Enquirer: 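Quick one: structure below, then a few questions.
It should be emphasised that the depicted structure is a prediction, and the values quoted were computed from it without experimental measurement.
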Amino acid sequence: MLCQALCRFGKKLVRRHTLEQYVAKISSDGSLSTLDIVVLGVGITVGAGVYVLAGEVASDKAGPSIVICFLVAALSSVLAALCYAEFSARVPQSASAYLYNCVTVGELWAFITGWNLILSYVTGTASMARAWSLAFDNLIGNQISRTLHENISLYVPYVLTEYPDFFAVGLVVLLTGLLALRASEFVPLTTVFTVVNLLVLGFVIISGFTKGKLHNWKLTEEDYMMTMFRLNDTSSLGPLSSGGFVPFGFKGILCGTATCFYAFTGFDSIMVAAEEAQNLKCSVPMGIVISVLICFLVYFGVSAALTLMVPYYQLQPGSPLAEAFLHIGWAPVRYVVAIGALCALSTGILDSMFLICGMIYVMADDLLFGVLARTYTRTGIPIVATVASGIIAAFVTFLFGLTDLVDLMSFGTLLTYSLVAICVLIVRYQPEMKDEDSATGAHQESGPVVEKLTLWGLFCPGSPTPTALSGLDVSVCASLLALLLTLLCLVLAQWPGLLLSGDPVLVTVVVLLLVLVTGITGVICRKPQSSTPLYFKVPALPLLPLLSIFVNVYLMMQMAAGTRARFGVWMLIGLAIYFGYGIQHAWRVKPTLVRAQTEDVELSSASSCLI
């Protein structure tokens, strides 16, 4: 009896939607070229990361080597983006990792992914609202922050921010009201903001390489002491550490890379273009890679220009680009740069809030509270989801500081990308999915397994096509690999010095983990892959998804303990909702109905990718 109950419970965790509930046939006469897709990806991704991250990462994490941080983050993003591209091929009209998981690997995995996406969008909104407030405050002489810091304090070290930013909270509330009204004129307004942002960033790059000094990439302790002597207020200086191009060492580059990943979290919005692409086979993967490359070049240029103009230990959070022009004597230009920052951050906040609303709305009909799916009958606006997303974003903005929010968003996004990579690895080796009851939305269940698991069959499967047993083998092996790679990253991240010193115990542990990872990877390589034709498949399977998982998890391990603790609290809340409510009320409304309701809702191209 107990075994039957556990079996039924386990089946609930892996039940899936049928493809017909989410997917229609791909249009053969798409209108988007590769260039259109690239423009979409660049417009969504470039902007807020520069203004939010540049000063934070360069000042106390990486120094001038922030350019290397952006390079590694870009490479990691490409790996994750290729996995997204394959999922878009399998579920062409589903642009969210949550929906991918609904139709491929099951309910629990989908909920965890969707809950992490909500976290990423919430923290993205909050961080950009905080950055907007800091940039505006900088223009008026830091009056807002000074007043709040002197009169109100929430500061709990490593937990809460130094002071509550009521201005940023008010901005979130205001934009929530505007989104609830959903005025159509905000869509062209965000386009104008994007153009202004790109023009300003181009000006920053040219100015930085013209007025910057290469000496700022090889600063010494003597330079630091001279700066302290020249400035009366030495409290505004950050740490020097060892100076030079990599002042905080290899550890600083890793920590900076984990934070810089925040700057590339918009590329997944390209997935919305999959069903409208003219050339399905190459437009989406090429669009992803090219847009990430362009974004990297912009981030590289801006961060290089910034650190060439200003010594890294003099960079201040809030509006570092504007302050850089004040440092080189171009005081009037700082206002132009500040306006560009406000435009970019305004666009980013609007898009992120659209994404929060869309994610909550989609999940509400599946695994969250049904009330969140209610829409305003006259306009079709998901009013409850919009208000709920605004309340959550405002609450997070109130409690946490800019650096904490950026790290938390990067952590959640890295985990989401890791889950997507694991799903690609699992799904590619499964037998072709067949819907048993598409009319009622029944979920696929494996038939009785007639094969027997043997050691010989583990390495030499008898069938040239995937079977239920071979698919189960790969699922188990992928789960073991995820666990082993996490343990390996934990060892490498926590004890790098001891490993380099040749500690026999740790070296033995690392070698043992590598042997196990290699052996299990070899088992997966021997399994037959699905022959389902797709317009794009991740190359070099299973190595590329495993590399993506390893890089993502290793970057997650570089985050501070406070970030991991906050993420743990968020996941406990989510799992309590799922096991207390979602698992009993899952799949109440057919997603096809949800899609029909949302067709009349006016969303920007950046935000509509979720629905």
Enquirer: Would you give the length of the straight line joining atom OG1 of Thr486 to atom OH of Tyr554, rounded to the nearest 0.5 angstrom?
Expert: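 Reported value, rounded in 0.5 Å steps: 14.0 Å.
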Enquirer: To the nearest 0.5 Å, tell me how far Ser76 OG sits from Leu71 CG.
Expert: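 Reported value, rounded in 0.5 Å steps: 11.5 Å.
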Enquirer: Do Phe550 and Leu546 have side chains that approach each other closer than 4.5 Å (heavy atoms only, starting at C-beta)?
Expert: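 Result no, sub-4.5 Å side-chain heavy-atom pair not found.
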Enquirer: How far apart are the closest heavy atoms of Ala393 and Val122, and which atoms are they?
Expert: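 For Ala393 and Val122, the tightest heavy-atom pair comes out as CA-CG1, 4.0 Å.
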Enquirer: With rounding to the nearest 0.5 Å, note down the distance linking CD1 in Ile520 to CG in Leu484.
Expert: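 Separation between the atoms: 5.0 Å.
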Enquirer: Does any non-hydrogen side-chain atom of Val523 lie less than 4.5 Å from one of Asp473?
Expert: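 They are not in side-chain contact.
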Enquirer: Under 3.5 Å, side chain of Ser548 to main-chain N/O of Leu544, donor-acceptor pair present?
Expert: no
Enquirer: Determine whether Ser475 and Gln430 satisfy the following criterion, side chain to side chain contact (heavy atoms under 4.5 Å, CB included), listing intermediate values before the conclusion.
Expert: CA-CA 9 Å; Ser475 298; Gln430 300 303 312; 3.4 Å; yes
Enquirer: Less than 4.5 Å apart, any side-chain heavy atom of Leu481 and any of Ile549?
Expert: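 Contact flag for Leu481/Ile549 side chains = no.
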Enquirer: Could you check whether Asp165 and Thr397, counting side-chain N and O atoms only, form a donor-acceptor pair closer than 3.5 Å?
Expert: no
Enquirer: Ignoring hydrogens and angles, tell me if any N or O in the side chain of Glu86 forms a donor-acceptor pair with the backbone of Val538 under 3.5 Å.
Expert: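 It does hold such a pair.
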Enquirer: Ignoring hydrogens, what is the shortest heavy-atom contact between Val292 and Ala74? Give both atom names and the distance.
Expert: CG1-O, 3.7 Å
Enquirer: For a quick test of reading the model, state the closest non-hydrogen atom pair linking Thr257 to Ala73 and the distance between them.
Expert: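 Looks like CG2-N, 3.7 Å.
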Enquirer: Can you name the nearest heavy-atom pair linking Pro542 to Leu425, along with the distance?
Expert: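 For Pro542 and Leu425, the tightest heavy-atom pair comes out as CB-CD1, 3.2 Å.
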Enquirer: Indicate the atoms forming the closest heavy-atom contact of Phe248 with Ala62, along with that distance.
Expert: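 Reported closest heavy-atom pair: CD1-N, 3.7 Å.
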Enquirer: State whether a side-chain donor-acceptor pair under 3.5 Å links Thr563 with Asp404.
Expert: no
Enquirer: Side-chain contact test, heavy atoms from C-beta onward, threshold under 4.5 Å: evaluate it for Leu485 versus Val553 and give yes or no.
Expert: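 No, every pair of side-chain atoms sits at 4.5 Å or beyond.
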Enquirer: I'd like to check Met353 versus Val172 (side-chain heavy atoms, cut-off strictly below 4.5 Å). Are they in contact?
Expert: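 When only atoms from C-beta onward are counted, Val172 and Met353 do touch, with a gap below 4.5 Å.
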Enquirer: Which distance, rounded to the nearest 0.5 Å, do you find between the CG of Leu119 and the CE of Met359?
Expert: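 Between Leu119 CG and Met359 CE, I get 12.5 Å after rounding to 0.5 Å.
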Enquirer: Could you measure the distance from the SG atom of Cys260 to the CD1 atom of Ile68? Nearest 0.5 Å is fine.
Expert: 11.5 Å
Enquirer: Ignoring hydrogens and angles, tell me if any N or O in the side chain of Ser133 forms a donor-acceptor pair with the backbone of Ala129 under 3.5 Å.
Expert: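 A pair under 3.5 Å: no.
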Enquirer: At their closest point, which heavy atom of Gly412 faces which heavy atom of Asn116, and how far apart are they?
Expert: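 The answer is O-CB, 4.1 Å.
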Enquirer: Is a side-chain donor or acceptor of Thr518 paired with a backbone partner of Leu514 at a separation under 3.5 angstrom?
Expert: yes
Enquirer: Are any non-hydrogen side-chain atoms of Pro466 and Tyr429 less than 4.5 angstrom apart?
Expert: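 Answer no - side chains too far apart.
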Enquirer: Could you label the plane-to-plane angle of the Phe264 and Tyr299 rings as parallel, tilted or perpendicular, counting under 30° as parallel and over 60° as perpendicular?
Expert: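 Phe264 vs Tyr299 ring planes: perpendicular.
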Enquirer: Go through the structure and list residues passing ring-ring contact (aromatic ring centres under 6.0 Å, His included) with Phe395, not counting sequence neighbours.
Expert: none
Enquirer: Could you tell me which residues satisfy side-chain contact (heavy atoms from CB on, under 4.5 Å) with Ile573, sequence neighbours excluded, listed by chain and number?
Expert: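 Only Trp115, Val569, Ile577 meet the side-chain contact (heavy atoms from CB on, under 4.5 Å) criterion with Ile573.
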Enquirer: What's the verdict on side chain to side chain contact (heavy atoms under 4.5 Å, CB included) for Thr259 and Gln558, showing C-alpha distance, side-chain angles and the deciding distance?
Expert: CA-CA 9 Å; Thr259 303; Gln558 307 305 316; over 6 Å; no
Enquirer: Just do the side chain to side chain contact (heavy atoms under 4.5 Å, CB included) check on Leu408 and Met559 with the steps written out, would you?
Expert: CA-CA 9 Å; Leu408 190 56; Met559 299 291 186; over 6 Å; no
Enquirer: Could you walk me through whether Val424 and Leu541 pass side chain to side chain contact (heavy atoms under 4.5 Å, CB included), step by step?
Expert: CA-CA 9 Å; Val424 168; Leu541 212 76; 4.2 Å; yes
Enquirer: Measure the OH-OG distance between Tyr417 and Ser120 for me, rounded to the nearest 0.5 Å.
Expert: 7.5 Å
Enquirer: Short question: side chain of Thr413, backbone of Ser410 - any donor-acceptor pair under 3.5 Å?
Expert: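 Not confirmed, Thr413 side chain does not pair with Ser410 backbone.
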Enquirer: I'd like to check Thr123 versus Trp570 (side-chain heavy atoms, cut-off strictly below 4.5 Å). Are they in contact?
Expert: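 They are not in side-chain contact.
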Enquirer: Are Thr176 and Ser389 side-chain neighbours, meaning at least one heavy-atom pair lies under 4.5 Å?
Expert: no
Enquirer: Backbone N or O of Phe400 within a donor-acceptor pair of the Arg566 side chain at under 3.5 Å?
Expert: no
